[in-house]
Amino acid sequence: MRWTQTLIPTMKEDPSDAEIPSHRLMLRAGLIRQLMAGAYTYLPLGYRALRKAEAIVREEMERAGAVEVFMPALQPIELFERTGRKSAFGNVLINFLVARGDRKVHMALGPTHEEVVTDLVAHHISSYRQLPLTLYQIQTKFRNEERPRFGVLRTSEFLMKDAYSFHSSLAQLEETYRKMYEAYCRIFARCGLDYVAVEAESGPIGGDASHEFMVPAGNGEDSIVRCANCTYGANLERAETGRKTLLPTPPKEAAPLKTVSTPKVTTIEQVAKLLKIRPDQMIKTLIYVADEQPIAVLIRGDHEANENKVRRALSAGEIKLADEQTILKVTGAPVGFAGPVGLKCDIIADHDVPLIENAVAGANAADAHVTGVTFGRDYNLKATFDLRNAGDGDPCPKCGNRLELVHGIEVGHVFKLGTKYSISLNATYLDEKEQRNPIIMGCYGIGVNRIIASLAETSHDANGLIWPLAVAPYEVLVVTLNATDAETTKVAEQYVKDLEAAGVDVLYDDRDVRPGVKFKDADLVGIPLRIVIGGKGLQQGQVEIKWRTADAPEIAPVKDGARHALRMLAAKKDEQGRLVG
RNA sequence: CGGGGCGUAGCUCAGCCUGGCUAGAGCGCCAGCUUUGGGAGCUGGAAGUCGCAGGUUCGAAUCCUGUCGCCCCGACCA
């Protein structure tokens, strides 16, 4: 493709609206343009990259035994009503009434396709003999994001690969889940992404029923925890710490328990400021209601309670923060003055709580706190639990090494769904014993745009994008130094022809502009291999071939340059193929 | 949905506080000449409903009110 025949509107200056690297570079390199908040046009370069990623996803899905379908983006609202997701999605679900004759048809733009695919399968699968089955599609999804942001990372319209598997047993689901997990690893590795597979909240099935594939990036919206030493990784909701119960014996010379007046001072920060102490010297006492029973949850003042962990520790079905009346009943005080000493309900505490010496807590009386709170003397616990969010420096639950907290971009998610949708949409099969059972499902999503955005976000330098060969819009950029010189043009065109004949994607910068402009654009756009033709080099019978990431070019004779480039590409592909395995 | 910021040429921005001449600059674009290995120089040129609506005023890009759009922080994110 000739540069002069396509549309690559590069920008010399940073657009003022774009703050994070991926957004800025995708705009500057002419990959995308914004239409409105949360909706972007993919220009030729951006769309080529997107399609390369899509092709890799498709190949690996097929390899894993999934079969492709294409379902409508337009969906009847009834399906979402049947699964209860019309209200679960709320405003996120784009839906509207359409006039049809004298009727109004209520439809939605698909935010995902569990309903549609389950409905399809409900009509066409009836026997265990037809299972397992995995269907997938690559299609535009619509979600009315409350706040689209970060360029292409969070939009209201996006390209997603979604796969759904159907099974007659949990073992069968397990098998497909494993295949999908492996396919995802291959996909992200082939795309050249540095990714982490982390455990995620698993919902009704429990266990290791859900993994997210995250690309570590400072601007990522999700917080994940990973071990610097072993393979352990989890999102913040899920991440465990390797801490153990440590119940200290009360020191002999502990400070006395003392009540101090703290009128209208209710938050950790306010109390810490008033008493001139640090938040980590305080005990945060949260009153929850777990399956109708009030329970006090103790957390160190500077930590955050993790409700999922609290729920699991209590083996409760549902927990929520208590209302004011419950708090008044249990603590005898309004909100903000709860503490472990003399509390009229059960107490559950995080591992770090009893270790706080001379702690400060609410006094269970209005406008008062107590100081000198000492474990074993003023309150007691039989055991402690992991109840707070994991953080930097916590021990790894697998190997005991240090965990680190990093931000990440979620590019994929695999999930064992169970029978939620098959039950509500009546998707059943008949087993060997002629018993009717709901089909067991799994679902597997990949944000294709996010693959591209994550690469832009993490793979660039001061001069521009750096594409991995597999996803680059073009593999080779042929640059002429003087587009008006007949000899230069002749050589360049022969190169383009030879490389294209060998199956290489070539962009030919044939613009009649100064070399400096071409070099700057070449770096900005980030095509992996650059071949420069013209100038002194050509006079000496040479061309320059340079990786985007290399400091200096390789020099090849004009006659051999195309073959030389092909050898370089082949070597690189080999190297990357070995990484995927 | 709460908080903050910004809308002036294709892009980046000045002008606004303190109203007043024909609304400016750099980059980009067009023409010509020169130049040709890291975003060239000179000359000439085209290009703006100053987001939109209303108000105040002799006079509004500038002041006031409303409204729309975009960005950022937070809440939310099956």
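Naming convention: chains lettered A, B, ... in sequence-line order (proteins, then strands); numbering from 1 in each chain. These values consider heavy atoms only, across backbone and side chains, with no hydrogens, waters or symmetry-generated copies.
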Are A:Phe213 and A:Tyr444 an aromatic pair, judged by ring center distance below 6.0 Å?
no

Describe the nucleic acid contact of A:Asp14 in one word from base, sugar-phosphate, nothing, applying a heavy-atom distance below 4.0 Å.
sugar-phosphate

Tell me what A:Gly90 touches on the nucleic acid: a base, only sugar-phosphate, or nothing, going by heavy atoms under 4.0 Å.
nothing

Using the C1' atom on both, measure B:G7 against B:U62 and round to a whole Å.
15 Å

Looking at B:U43, which nucleotide sits across from it as a Watson-Crick or G-U wobble partner, both distances under 3.5 angstrom, or is there none?
B:A31

Spacing of the C1' atoms in B:U67 and B:G59 (rounded, Å)
25 Å

Side-chain contact test, heavy atoms from C-beta onward, threshold under 4.5 Å: evaluate it for A:Lys86 versus A:His106 and give yes or no.
yes

If you look only at distance, which donor and acceptor atoms sit under 3.5 Å apart when one is on a side chain in residues 555-565 of chain A and the other is two or more places apart or in another chain?
from     : atom 1 : to       : atom 2 : distance (Å)
A:Asp560 : OD2    : A:Arg567 : NH2    : 3.2
A:Arg563 : NH2    : A:Lys559 : O      : 3.4
A:His564 : NE2    : A:Glu554 : OE1    : 2.7

Distance between the C1' atoms of B:G48 and B:G10, in whole angstroms?
11 Å

Remember a base hit wins even if backbone is also touched, and classify A:Arg33 as base, sugar-phosphate or nothing at under 4.0 Å, heavy atoms.
nothing

Let's test this: given Watson-Crick or G-U wobble pairing with both distances under 3.5 Å, identify the partner of B:U36.
none

Could you tell me whether the phosphate oxygens of B:A78, OP1 or OP2, come under 4.0 Å of any side-chain nitrogen or oxygen in A:Arg85?
no

A:Pro15 near the nucleic acid: base, sugar-phosphate alone, or nothing, with a heavy-atom cut-off under 4.0 Å?
sugar-phosphate

So does A:Glu304 pair up with A:Lys284, basic N to acidic O under 4.0 Å?
no

Measuring only the C1' atom in each nucleotide, how far is B:G38 from B:G20? A whole number of Å is fine.
48 Å

Sort out the partner of B:C11 for me: Watson-Crick or G-U wobble, both distances under 3.5 Å, none otherwise.
B:G26

In whole angstrom, give me the gap between the C1' atoms of B:G44 and B:G4.
46 Å

Among A:Lys320, A:Glu307, A:Arg311, side chain to side chain donor-acceptor pair (under 3.5 Å) partner for A:Tyr288
A:Glu307

Taking only heavy atoms on the protein side, list every residue of residues 475-486 of chain A lying under 4.0 Å from any atom of RNA chain B, sorted numerically.
A:Leu481

For the residue pair A:Thr4 and A:Asp510, confirm or rule out a side-chain donor-acceptor distance under 3.5 Å.
yes

All N/O donor-acceptor pairs, side-chain side in residues 9-16 of chain A, below 3.5 Å, sequence neighbours left out:
from    : atom 1 : to       : atom 2 : distance (Å)
A:Thr10 : OG1    : A:Asp521 : OD1    : 3.0
A:Thr10 : OG1    : A:Asp521 : OD2    : 3.4

How long is the line joining CG of A:Asn91 and C1' of B:A78, in whole Å?
14 Å

Could you go through nucleotides 67-74 of chain B and list every protein N or O atom that sits under 3.5 Å from one of its N or O atoms, giving the distance for each pair?
from  : atom 1 : to       : atom 2 : distance (Å)
B:C70 : OP1    : A:Ala37  : N      : 2.9
B:C70 : O2'    : A:Asp17  : OD2    : 2.9
B:C71 : OP1    : A:Gln34  : NE2    : 2.8
B:C73 : OP2    : A:Arg147 : NH2    : 2.5
B:G74 : N7     : A:Arg147 : NH1    : 3.2

What is the pairing partner of B:U65, taking Watson-Crick or G-U wobble pairs with both distances under 3.5 Å in any strand?
B:A53

Any N/O pairs under 3.5 Å between the protein and nucleotides 44-51 of chain B? List them or say none.
none

In whole Å, what separates the P atom of B:G51 from that of B:C58?
25 Å

Listed by chain and number, what are the ring-ring contact (aromatic ring centres under 6.0 Å, His included) partners of A:Tyr195, not counting sequence neighbours?
A:Phe188

Residues in side-chain contact (heavy atoms from CB on, under 4.5 Å) contact with A:Leu236, at least two apart in sequence or another chain:
A:Ser223, A:Val225, A:Asn389, A:Leu405

Taking donor-acceptor contacts at under 3.5 Å, does the side chain of A:Arg530 reach the base of B:G38?
yes

Side chain A:Lys518, main chain A:Thr480, donor-acceptor under 3.5 Å
yes

For A:Thr83 against A:Lys420, the heavy-atom pair lying closest together
O-NZ, 4.1 Å

Inter-residue atom distance A:Ile452.CD1 - A:Leu465.CG, 0.5 Å rounding
10.5 Å

Quickly work out the A:Glu221 CD to B:C76 C1' distance and round it to whole Å.
11 Å

Lys/Arg cation over aromatic A:Tyr474: A:Arg48, 6.0 Å, 45° cone:
yes

Walking RNA chain B from its 5' end, the first of A:Glu114 and A:Arg28 to be reached, judged by nearest nucleotide, is A:Arg28

For B:G74, give its Watson-Crick or G-U wobble partner with both distances under 3.5 Å, or none.
B:C1

Nucleotide by nucleotide, 5' to 3', does protein get under 4.0 Å of the base (B), only the sugar-phosphate (S), or neither (-) in nucleotides 3-9 of chain B, counting heavy atoms?
-------

ring-ring contact (aromatic ring centres under 6.0 Å, His included) with A:His413: which residues, sequence neighbours excluded?
A:Phe415

Looking only at atom P, what distance separates B:C64 and B:C11, rounded to whole Å?
27 Å

Can you tabulate the close N/O pairs, meaning under 3.5 Å, that link protein atoms to atoms of nucleotides 26-34 of chain B?
from  : atom 1 : to      : atom 2 : distance (Å)
B:G26 : N2     : A:Glu13 : OE1    : 3.0

Rounded to whole angstrom, note down the P distance from B:C16 over to B:C21.
12 Å

Across all strands, who's sitting opposite B:G19 as a Watson-Crick or G-U wobble pair, both distances under 3.5 Å?
none

Heavy atoms under 4.0 Å, any strand shown: does A:Glu115 hit a base, just sugar-phosphate, or nothing?
nothing

Would you check if there is a donor-acceptor pair between the side chains of A:Asp162 and A:Gln137 at a distance under 3.5 Å?
yes

Atom CG of A:Leu109 to atom P of B:A78: distance rounded to whole Å?
19 Å

Partners meeting ring-ring contact (aromatic ring centres under 6.0 Å, His included) with A:Tyr40 (sequence neighbours left out)
A:His23

Which heavy atom of A:Ala217 sits nearest a heavy atom of A:Ile409, and at what distance?
CB-CD1, 3.8 Å

Excluding sequence neighbours, so at least two apart, what forms ring-ring contact (aromatic ring centres under 6.0 Å, His included) with A:Phe89?
none

